[in-house]
Each structure stands twice: as structure tokens, then as C-alpha cells.
Amino acid sequence: MQGKRKIFSKQMLLFEFRKTIGNPYVHIFGVGMPVLMMLIITRVVAGEIPDPAALAATVTTIFLGTGSMIPMATIFMGYAVSHAQELEKGIPQRMELFGIRVSVTLCNRILSEVIFMALAFVVYFAMGYGAAGVEAPVFSGAVLYAVCIVSLSVILFCLAYGIASLLRKFGPVYCVTMLLYFGQMILGGMMGITYDNMPSVMQAAARMLPVTYITRDFYTVWRGKHYNFAPMLQAYLLMGAVAGIVLFVTLRRSARKLH
């Protein structure tokens with residue numbers, strides 16, 4: 001119990017949460033942009049699809065896909081940029097000098113990121129149901145969506161930590177994460193180009209990303225219909241393997257510096 005109290009503390013959690021909400025990138029790209037894109041795209045679609053059933057299905061598909069932008073911005077880009085700034089200023093090293101271990105900082109930061117992401121989803125879902133006419137899910141569909149988002153968030157956090165720890169500078173980290181952020185959006189079909197309209201090379205790259213399946217197929221799961229999860233699972237495993245390799249290289253590099 002004592003070890004747990006040392007890892008998680010109210011003061012440390014509040015400190016990390018203030019840093020999270022003080023990061024403008026998570027508000028702009030993690031809350032504002034998903035809500036704005038969802039509202040704009042659904043309004044455009046509403047004028048082009050006269051059939052109410054087809055419109056509801058399309059709006060819900062857009063809503064579910066655009067929601068995956070929240071972990072990409074808050075967990076991936078937001079944390080990577082913030083961590084790079086701290087590394088550049090030597091803040092983690094100073095905190096260690098005061099007896100605050102890296103594991104303590106990391107655990108409380110992860111929890112603060114999860115809390116902020118949950119609040120962002122509350123805002124997003126409120127806007128979706130209030131202004132876009134999103135269809136309600138079956139229970140299993142809602143649970144599976146939450147599982148997919150949380151799994152994606154874990155992978156993105158590992159990737160963000162690895163990239164920031166390897167590059168250790170705000171400029172390069174911001175450039176790399178921004179490119180990957182918009183790259184996932186484009187290949188995931190969130191920027192106006194659907195998977196079916198992509199060239200074969202782009203389709204091959206898109207199939208490797210979990211966000212492609214959330215954007216393109218998750219309406220089927222949301223409504224409780226039969227869905228083959230094998231391609232989606234393969235994309236998660238592949239992206240998880242990439243994040244694991246980056247994290248492993250980062251930890252090995254840190255261990256060598258200690259010796």
C-alpha cells in the first residue's frame with residue numbers, strides 16, 4: 001500500500017493535470033478540431049442524403065471515426081510535445097534531484113491524460129447527440145468502441161513517449177508527431193478522401209492503421225451487427241509492435257547513458 005501511495009498522489013496528479021490542461025495543443029486538436037470537423041461534415045452530408053435511415057448511418061459513421069482524433073491529439077501529439085519541452089528544459093532531471101522518480105511522474109501523467117481524454121469524449125458525445133443526431137449503440141458496440149479507443153491510446157502513448165525521448169527537442173518532436181497525426185487522419189479517411197477512393201498504395205498503408213477500421217467499419221460494431229475483427233486486430237498488433245520497438249530503443253538508450 002505504501003508503494004502505491006508513493007506512485008499515485010493527489011498533489012502529483014493535480015500537478016500533472018494542470019500541465020495537461022495548460023497544453024494548448026490538446027484543446028485545439030483534441031477537443032475543438034474533432035467537434036468542429038464532426039459538426040461541419042455532418043451538416044454537409046445532411047444536405048446530400050435525403051433518406052433519413054441512410055443519413056443517420058452516415059452521420060454515426062463520421063461521428064465514430066472523427067472521435068478517434070481525440071486520443072491522437074491528447075495522448076499522442078499533446079503528450080509528446082509536452083514531454084519534449086520538459087526534456088529540453090531538463091525538468092525530469094530536476095524532479096529526480098528532489099526525490100520524485102520518473103515512474104511516479106509517468107504514472108500520474110498517464111492518469112491525468114486519461115482523465116482529460118474522458119472529459120473530451122464527454123464534450124464530444126454531448127455535441128454529437130445534441131447537434132448531429134447520432135444513433136444510439138447497442139451495449140456491446142459501446143463497450144467495444146471504448147476498448148478500441150483505450151487500446152489505441154495505450155499504443156499512442158508508448159509511441160509518443162518513445163519519439164519524445166529519442167528526439168528530445170520540441171521542434172523535431174512537433175514536426176514528426178504533427179506529420180504522423182495528419183498522416184493518420186488522411187489515411188484513416190477523415191480528410192475528405194475515403195478508403196475506396198484512395199490509390200492502391202495509400203489503401204495498403206491505410207490497412208495498417210487502426211483508425212482506418214474505426215472510421216470505415218465501426219458503425220457495424222456500434223449497431224451490434226456481425227463484423228470480422230481480424231484485419232482490425234492485425235492493424236492494432238502491427239502499430240503496437242512499432243510502438244514497442246520505439247519504446248525498447250528508447251529504454252536501451254537511456255540505460256546505456258546511466259552506465
Run the numbers on Tyr213 and Phe229 for ring-ring contact (aromatic ring centres under 6.0 Å, His included), then give the verdict.
CA-CA 9 Å; Tyr213 301 95; Phe229 282 93; over 10 Å; no

Using the rule given for side chain to side chain donor-acceptor pair (under 3.5 Å), can you reason through Thr194 versus Asn197, listing the C-alpha separation, both sets of side-chain angles and the distance that settles it, and then say yes or no?
CA-CA 5 Å; Thr194 62; Asn197 294 328; 2.9 Å; yes

Can you see which heavy atom on [X] is nearest to which on [Y], and at what distance?
{"X": "Val221", "Y": "Val138", "result": "O-CG2, 4.3 Å"}
{"X": "Ala84", "Y": "Ala164", "result": "N-CB, 4.1 Å"}
{"X": "Val26", "Y": "Thr20", "result": "CG2-O, 3.4 Å"}
{"X": "Ala54", "Y": "Ile49", "result": "CB-CG2, 3.9 Å"}
{"X": "Ile149", "Y": "Ser68", "result": "CD1-CA, 4.2 Å"}

In terms of the angle between their ring planes, are Tyr161 and His83 parallel, tilted or perpendicular, with boundaries placed at 30° and 60°?
parallel

So how far is it from Met69 CE to Tyr124 OH, rounded to the nearest 0.5 Å?
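The OH atom of Tyr124 is 8.0 Å from CE of Met69, to the nearest 0.5 Å.
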
Verify the ring-centre separation between Phe76 and Tyr181: is it less than 6.0 angstrom?
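Distance test on ring centres: not under 6.0 Å, no.
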
Going by the side-chain contact (heavy atoms from CB on, under 4.5 Å) test, name the single residue among Ile41, Val35, Ile40 that passes it with Met37.
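When Ile41, Val35, Ile40 are each tested with Met37, the side-chain contact (heavy atoms from CB on, under 4.5 Å) holds only for Ile41.
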
Can Phe218 and Tyr227 be said to form a ring-ring contact (aromatic ring centres under 6.0 Å, His included), step by step?
CA-CA 9 Å; Phe218 215 90; Tyr227 179 71; 7.5 Å; no

